[in-house]
Amino acid sequence: MKKIIHIDADCFFAAIEMRDDPSLVNRPFAVGGSAEGRGVLTTCNYPAREYGVRSAMPTAQAYRLCPELLVVPVNIAKYRGVSAQMLDIFERFTDLIEPLSLDEAFLDVTDITLFSGSASRIAEVIRTAVRSELGITVSAGVSVNKFIAKVASDWHKPDGLKVVTPDEVDSFSAALNVRAIPGVGPVTAEKLKRMGFNTCKDLRSADPLKLKRRFGSFGQTLMERAHGQDRRSVNTQRIRKSVSVEHTYSNDLANGDSCVAKLPGLLEELTTRMAKTNLTRRIRKAYVKIKFNDFSTTTVERVGTTATLDDYRELLLDGLARRDLPVRLLGLGVRLDPDVPERFEQLPFRIEERSF
Ligand code: TTP
Ligand code: MG
């Protein structure tokens, strides 16, 4: 039985803006493009949601629903930074992380022994760490698979935790509307409704062959989800590890100056390698690896750097200060932001001119 946590930040972009400007907290506001520029909203805070304001809504329409709405411009670089910090917190607990967007990720904690292996405790500790360190809230769902964990994270939103234990999965999933199943949009939901299936419980009684004829291979997925089942594993491939270069020197480098002298060559190699990997993602951290001639190794890294020669020189000097020994090997690297789905790379801040 797996233990999966799904985490999703509450009104993510808006929460960051509220943290940085508390005057926004108790009034309806949104983050997005201007009405004059035919902008759309990326998200809004919860007071604005009471007026019906929503993500992806044209700003002009939002003003009609809520005339006192304040619209703050998008600062995607800032949100990316917080997203990277959230990942850093998750990484304290598990390596098995699948980010779905800037503010959302699955964590597989099946084999984690921290907190007596309690996934609920881990989720609570993560929520507390994000709140106290980053000043925003996240909601979490904990269960035996991705599907149920994701539905659960929405259950007590905002700032909530919902645990669906193994013996609750059956009744929890039975009561769900078919719309809760990922991939079931308004069109599929309507088709299912016409076939007599409104809830997952209804869907369980469907003829699997009929579902297959109607929905192809998705028919089987529908049946599995209706039973609260999901065999997909947490896909860590989405996390870009790093790009690095390193050199072992035939003669040990005796002092700091001889190490620093190697940096320009190493950085050039790193830059070439990064160009080859067709790197479009942001650099999250730069790091220097040093192996001393007693074979002890140390790594110095820094978040939010541009990975320039100056950055690497500072990191190198920090690392060299840890031991007073000649150096056998030097390495330079960058750790990268995870791949986030395209939708979030190219946010729809502006409505395209369209003919109707
Ligand atoms: P969501 O997690 O979908 O929304 P949210 O975090 O704002 O609110 P909730 O409390 O309901 O989770 O998306 C995360 C961020 O992605 C959101 O803050 C803004 C951005 N986004 C867009 O830019 N366009 C969109 O259409 C959506 C849905 C989100
Ligand atoms: Mg969110």
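Owing to the predicted nature of the structure, the values given are computational and were not obtained by experimental measurement. In each ligand, atom 1 is the first atom listed, and ligand 1 is the first ligand listed.
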Donor-acceptor side-chain pairing of Arg323 and Ser296 below 3.5 angstrom =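 Side-chain D/A pair, Arg323 to Ser296: present.
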How about Arg204 and Ser173: does a side-chain donor come under 3.5 Å of a side-chain acceptor?
-> yes
Electrostatic pair [X]-[Y], nearest N-O below 4.0 angstrom:
{"X": "Asp310", "Y": "Arg313", "result": "yes"}
{"X": "Arg127", "Y": "Asp159", "result": "yes"}
{"X": "Glu124", "Y": "Arg121", "result": "no"}

Would you mind listing which atoms of ligand 1 come within a distance below 4.0 Å of any non-hydrogen atom of [X]?
{"X": "Asp8", "result": "2 (O), 12 (O)"}
{"X": "Ala9", "result": "6 (O), 9 (P), 10 (O), 12 (O)"}
{"X": "Arg49", "result": "5 (P), 7 (O), 8 (O), 9 (P), 10 (O), 11 (O)"}
{"X": "Lys157", "result": "9 (P), 10 (O), 12 (O)"}
{"X": "Tyr46", "result": "9 (P), 10 (O), 11 (O)"}
{"X": "Ala56", "result": "26 (O)"}
{"X": "Asp10", "result": "10 (O)"}
{"X": "Phe12", "result": "5 (P), 6 (O), 7 (O), 18 (O)"}

With a cut-off of 2.8 Å, does [X] place any N/O/S atom under that distance from the Mg ion (ligand 2)?
{"X": "Glu104", "answer": "no"}
{"X": "Asp8", "answer": "yes"}
{"X": "Phe12", "answer": "no"}

Look at atom [atom1] of [X] and say whether more than 12 heavy atoms of other residues, nucleotides or ligands are closer to it than 6.0 Å.
{"X": "Asp167", "atom1": "CG", "result": "yes"}
{"X": "Gln220", "atom1": "CD", "result": "no"}
{"X": "Asn251", "atom1": "CG", "result": "no"}

Under 3.5 Å, which donor-acceptor pairs do the side chains of residues 254-263 form with other protein atoms, sequence neighbours left out?
unit_1 : atom_1 : unit_2 : atom_2 : d
Asn255 : OD1    : Asp257 : N      : 3.2
Asn255 : OD1    : Ser258 : N      : 2.9
Asn255 : OD1    : Ser258 : OG     : 2.9
Ser258 : OG     : Asn255 : N      : 3.2
Ser258 : OG     : Asn255 : O      : 2.8

Can you find an N or O of Cys11 that's nearer than 3.5 Å to an N or O of ligand 1?
-> yes
Has ligand 1 got any nitrogen or oxygen that is less than 3.5 angstrom from a nitrogen or oxygen of Phe13?
->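 Yes; the residue has a nitrogen or oxygen that sits under 3.5 Å from a nitrogen or oxygen of the ligand.
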Could you tell me how the ring of Phe172 sits relative to the ring of Trp155: parallel (under 30°), tilted (30 to 60°) or perpendicular (over 60°)?
->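 Phe172 vs Trp155 ring planes: tilted.
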Compare Thr137, Thr42, Val74 and give the one whose heavy atom is closest to atom 29 (C) of ligand 1.
-> Thr42
How wide is the angle at the Mg ion (ligand 2) between O of Ala9 and OD2 of Asp103, to the nearest 10°?
->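 Reported to 10°, the angle equals 90°.
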